[in-house]
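Just so it is clear, the structure is predicted and the values come from calculations on it, not from any experiment. Both backbone and side-chain heavy atoms feed into the values below; hydrogens, waters and symmetry mates do not.
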Amino acid sequence: METIVTDSPQMAAQFLRAGQTVIFPTETVYGLGANALDATAVLDIYTAKNRPADNPLIVHIYNPNQITQLGRNVPDYAWTLVEKFWPGPLTLLVYKQPIVPDTTTAGSDKVCLRWPSLPLTQEFLRECGLPVAAPSANLSGRPSPTRWQDCLEDMEGRVAAILTGPDATFGLESTILDCTGTFPVLMRPGSITLEQLAQVVPAIQLPSQATALILPGTKYRHYSPRAQVIILTANQLPLDFSGPFAYIGLTDPAQFFSQPPTHQLIVTDVTEYGSELFAFFRECDRRNLPAIYAEPVPPQGVGRALMNRLSKAASQI
């Protein structure tokens with residue numbers, strides 16, 4: 001398959017309306033989209049990504065009125081969250097309408113909905129004129145793409161088109177809230193933080209360890225470069241070894257290592273850390289570095305999302 005690279009949302013939308021897969025930018029990461037109401041087109045997403053079929057997709061919309069087209073039994077608190085945080089990097093899980101095929105939701109009776117805030121994304125979705133199912137536009141398990149060039153690296157020849165746009169602002173996937181119960185439950189942290197959400201809906205909860213709910217980006221090993229990711233811990237320091245390695249964090253690595261890293265990125269704050277993390281992982285892979293050391297941050301605010309992604313990247317499962 002030839003992959004067309006274009007900066008035209010109108011051209012990209014033509015491919016998607018014709019039943020093909022299209023990569024497009026958002027404010028979080030780049031997404032790999034298809035018509036969410038076309039089960040055959042949605043299957044092409046799974047094929048292109050080598051994504052497990054039991055891993056559901058987020059449906060992107062261009063108007064909050066589509067919530068009732070796609071979802072049902074939407075609680076009042078979900079509408080409050082929509083009014084406060086949409087458009088933006090917040091995904092809401094609600095019960096689905098029959099119009100949404102089971103392929104999009106991996107067999108679940110619930111669907112994830114999001115209205116992105118990037119103007120180019122909104123224009124693309126309006127041109128499509130239909131809901132767009134889209135996970136991140138990378139091969140399954142790899143770091144999510146925050147630049148269109150990353151998408152070309154993973155997906156050239158696997159998709160019909162790539163809509164080019166700016167680098168992702170946030171760099172971490174959207175916050176996911178389960179809105180199918182009496183209270184919202186934070187299922188995946190993101191750049192809209194638990195603290196921000198609690199100011200609007202104080203009854204928000206964290207998930208039970210026993211939850212069986214399967215959501216995008218929560219079940220499988222994810223966000224992982226080919227390099228081994230090691231989260232620094234106090235009892236490891238200082239590290240004394242030879243060989244190439246990379247480092248990312250807020251602190252000068254001279255405090256942690258007996259030799260300078262082969263490649264490093266010192267960020268100014270946790271927000272920058274999150275926005276640069278996946279691009280840094282990909283650059284380390286381009287340099288064939290075998291190990292990446294990452295400085296941990298407190299799991300509050302955006303730090304909760306950052307540590308979630310680092311922990312999954314470092315997991316061997």
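- A salt bridge links Glu276 to Arg147: at least one charged side-chain nitrogen sits closer than 4.0 Å to a carboxylate oxygen.
- Each of Leu93 and Leu197 belongs to its own hydrophobic cluster when Ile, Leu, Val, Met, Phe, Trp and Tyr are linked at side-chain heavy-atom distances under 4.5 angstrom.
- Tyr247 is linked by a ring-ring contact (aromatic ring centres under 6.0 Å, His included) to Phe256, Phe257, counting only residues two or more places apart in sequence or in another chain.
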Practice task
Go through the steps to decide whether Val59 and Leu113 satisfy the test side chain to side chain contact (heavy atoms under 4.5 Å, CB included), and finish with yes or no.
Solution key: CA-CA 5 Å; Val59 176; Leu113 302 177; 3.9 Å; yes
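- Legend: residues meeting side chain to side chain donor-acceptor pair (under 3.5 Å) with Ser117, ordered by chain and number and at least two apart, are Glu27.
- Using modelled atom types and a 3.5 Å distance limit, the side chains of Thr6 and Ser8 yield no donor-acceptor pair.
- Within 6.0 Å of the CG atom in Asp76, the count of heavy atoms belonging to other residues, nucleotides or ligands does not exceed 12.
- One finds the CD1 atom of Ile266 at 10.5 Å from the CD atom of Glu272 (value rounded to the nearest 0.5 Å).
- No continuous path of hydrophobic side-chain contacts links Val201 to Met187 [ILVMFWY only; heavy atoms under 4.5 Å].
- Listed by chain and number, the hydrophobic cluster partners of Tyr62 are Ile4, Met11, Phe15, Leu16, Val22, Phe24, Leu118, Leu120, Phe124, Leu125, Leu130, Val132, Leu163, where partners are ILVMFWY side chains within reach of under 4.5 Å, directly or through others.
- Using a cut-off of 4.0 Å between Lys/Arg side-chain N and Asp/Glu carboxylate O, Arg126 and Glu123 are scored as not salt-bridged.
- Residues Arg142 and Asp150 are not paired through a salt bridge, judged by the lack of any N-O separation under 4.0 Å between the basic side chain and the carboxylate.
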Practice task
Apply the test side chain to side chain contact (heavy atoms under 4.5 Å, CB included) to residues Glu295 and Leu250: give CA-CA distance (whole Å), side-chain angles for both, the deciding distance (0.1 Å), then the verdict.
Solution key: CA-CA 7 Å; Glu295 182 182 10; Leu250 293 98; 3.9 Å; yes
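- Between Glu153 and Arg282 there is a salt bridge, since a side-chain N of the basic residue sits under 4.0 Å from a carboxylate O of the acidic one.
- What you find for Phe280 and Gln264 is that their closest heavy atoms are CE1-C, 3.9 Å.
- Electrostatic pairing of Lys96 and Asp102 counts as a salt bridge here, judged by a charged N lying under 4.0 Å from a carboxylate O.
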Practice task
Verify side-chain hydrogen bond (donor to acceptor under 3.5 Å, both in side chains) between Thr28 and Ser174, making sure each step is shown before the conclusion.
Solution key: CA-CA 6 Å; Thr28 56; Ser174 62; 5.8 Å; no
